[in-house]
Visitor: 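Input: one structure, supplied below.
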There are 2 protein chains.
Amino acid sequence: MSLRIALLGLLAAKGPASGYDLAKLFEGSLNHVWQAGHTQIYPELVRMAADGLLAVEAEGARGRKIYTIADEGSRQLHDWLADREPAVTVRSETALQAFLLPILDTDEAIAAVERVKARAQKRLDDLKCLPPVADNPKFGKYALRLGLAQTRATIEWADETLHALRTK
Amino acid sequence: MSLRIALLGLLAAKGPASGYDLAKLFEGSLNHVWQAGHTQIYPELVRMAADGLLAVEAEGARGRKIYTIADEGSRQLHDWLADREPAVTVRSETALQAFLLPILDTDEAIAAVERVKARAQKRLDDLKCLPPVADNPKFGKYALRLGLAQTRATIEWADETLHALRTK
DNA sequence: GAGCGCATGTAAGCTGTTACATGATTCT
DNA sequence: AGAATCATGTAACAGCTTACATGCGCTC
């Protein structure tokens, strides 16, 4: 379901696009928020068109199809954004490692937390140089700030945890 | 894979337990870190026993099986914790809503962010009264702090975003 | 015309969810 | 005795990943 919303959102932000375009856009903009590869995107677009959420605007060389958002698609996108209570299924390997940290002895635990910190640092850097979505700086702005805030929180947790591990 | 680790970790923390015990423990402790219901846990335990990660210590009334962690299980748990670079597949409906916020007009957007904030607030409260895992306060301590830090970051983001939306 | 990147797709397999099924104990 | 809840499971389906397949268009 959320994959549909993500695709509708990208089409709303960028206008008509092919599956390939959307897959690229996905990677460059939504990646820190939702993930999907082309193998998931292509068939989903077909289903969405069959369900009347998208229209095929044009068909070009080598089967390239340009999709546009249809009225029903806009409607569902808007309704989801305005009404949906977001589901909160957390599945974080990082948090799982944090949970089980006491199983390791101190120096192994320190190494593990250092790894978490390094990753978060890298992510922070990546987020800082994300390009705007379809030259439309509004889109993604709030999600970017949310990502930054949460990543900074992770780094602070790592520092605090390293300190606790080292002074015990 | 991570489900196995979570189950191994709980068995390491708590000692011998049945599938039902583990499902309850999961819900009460790991829920903010990883999710799994009994329909996923029961068959996984059977497979883990078949793979030699667990041993069936006893079989009681109505098919109740008590699992213990086997040496191979301990080994795999330790190796995963010590070596595994945690995968970072983010799939957050909240972040997706944040991403697409500009599609809504201002008052709808404000309402959506208010909802996010209320949920985060509730989660914060829930986290604060989590019981210790199997009377073992070490386990889950670090993950709890990580959850708190990230949830607080979300609340701060919501406040900042509400302010931005209201003064424009 | 050979090689490389572009662009689209299919298929098998794994993970996770929802719905259903069933017998055992405990409570009233 | 009947109802609730404990405890274990199965089956169908939805969502996602990995691996494979293929053909077009451009460049050298």
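All values derive from a computational prediction rather than experimental measurement. Naming: A, B, ... by sequence-line order, numbering from 1 per chain.
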Visitor: I'd like to check the side chain to side chain contact (heavy atoms under 4.5 Å, CB included) partners of S92(A); sequence neighbours left out, ordered by chain and number.
Guide: V90(A), T94(A), A95(A)
Visitor: Rounded to the nearest angstrom, tell me the gap between atom CZ in R47(A) and atom P in dC16(D).
Guide: 10 Å
Visitor: Can you figure out which of dA7(C), dC16(D), dT17(C) approaches the side chain of Q40(B) most closely?
Guide: dT17(C)
Visitor: Just do the side chain to side chain donor-acceptor pair (under 3.5 Å) check on Q97(A) and E93(A) with the steps written out, would you?
Guide: CA-CA 6 Å; Q97(A) 286 197 348; E93(A) 291 197 0; 6.0 Å; no
Visitor: Between dA7(C), dC16(D), dG9(D), spot the one nearest the side chain of Y42(A), thanks.
Guide: dA7(C)
Visitor: Whole angstroms only, please: what is the CZ-P distance between F26(B) and dT15(C)?
Guide: 14 Å
Visitor: Between dT18(C) and T39(B), counting only base atoms on the nucleotide and side-chain atoms on the residue, is there a donor-acceptor pair under 3.5 Å?
Guide: yes
Visitor: Take T68(B) and L11(B) through the side-chain contact (heavy atoms from CB on, under 4.5 Å) test and state the conclusion after the steps.
Guide: CA-CA 7 Å; T68(B) 328; L11(B) 280 170; over 6 Å; no
Visitor: Charged N to carboxylate O under 4.0 angstrom, D107(B) versus R166(B)?
Guide: no
Visitor: Nearest nucleotide by nearest heavy atom, which residue falls closer to the 5' end of DNA chain D, K24(B) or Q35(A)?
Guide: K24(B)
Visitor: Let me know the distance between CH2 of W34(A) and C1' of dT17(D), rounded to the nearest Å.
Guide: 15 Å
Visitor: Taking OP1 and OP2 of dG9(D), is either one under 4.0 Å from a side-chain nitrogen or oxygen of K65(B)?
Guide: yes
Visitor: Tell me: CE of M1(A) to C1' of dA14(D), nearest whole Å?
Guide: 13 Å
Visitor: Take the protein atom CG of L22(B) and the nucleotide atom P of dC6(D), then report the distance between them rounded to whole Å.
Guide: 17 Å
Visitor: Output the rounded distance in Å from CD (E93(A)) to P (dG16(C)).
Guide: 10 Å
Visitor: Take Q35(B) and T89(A), measure what side chain to side chain donor-acceptor pair (under 3.5 Å) needs, and give me the verdict at the end.
Guide: CA-CA 7 Å; Q35(B) 271 128 319; T89(A) 8; 5.5 Å; no
Visitor: To the nearest angstrom, how far is R64(A) atom CZ from dG9(C) atom C1'?
Guide: 15 Å
Visitor: Closer than 4.0 Å, any side-chain N/O of R91(B) to the OP1 or OP2 of dG16(C)?
Guide: no
Visitor: Both H38(B) and E44(A) contact DNA chain D. Taking the nearest nucleotide for each, which residue is further toward the 5' end?
Guide: H38(B)
Visitor: Rounded off to whole Å, could you give me the CG-to-C1' distance for the D21(B) and dT8(D) pair?
Guide: 12 Å
Visitor: Remember a base hit wins even if backbone is also touched, and classify R4(A) as base, sugar-phosphate or nothing at under 4.0 Å, heavy atoms.
Guide: nothing
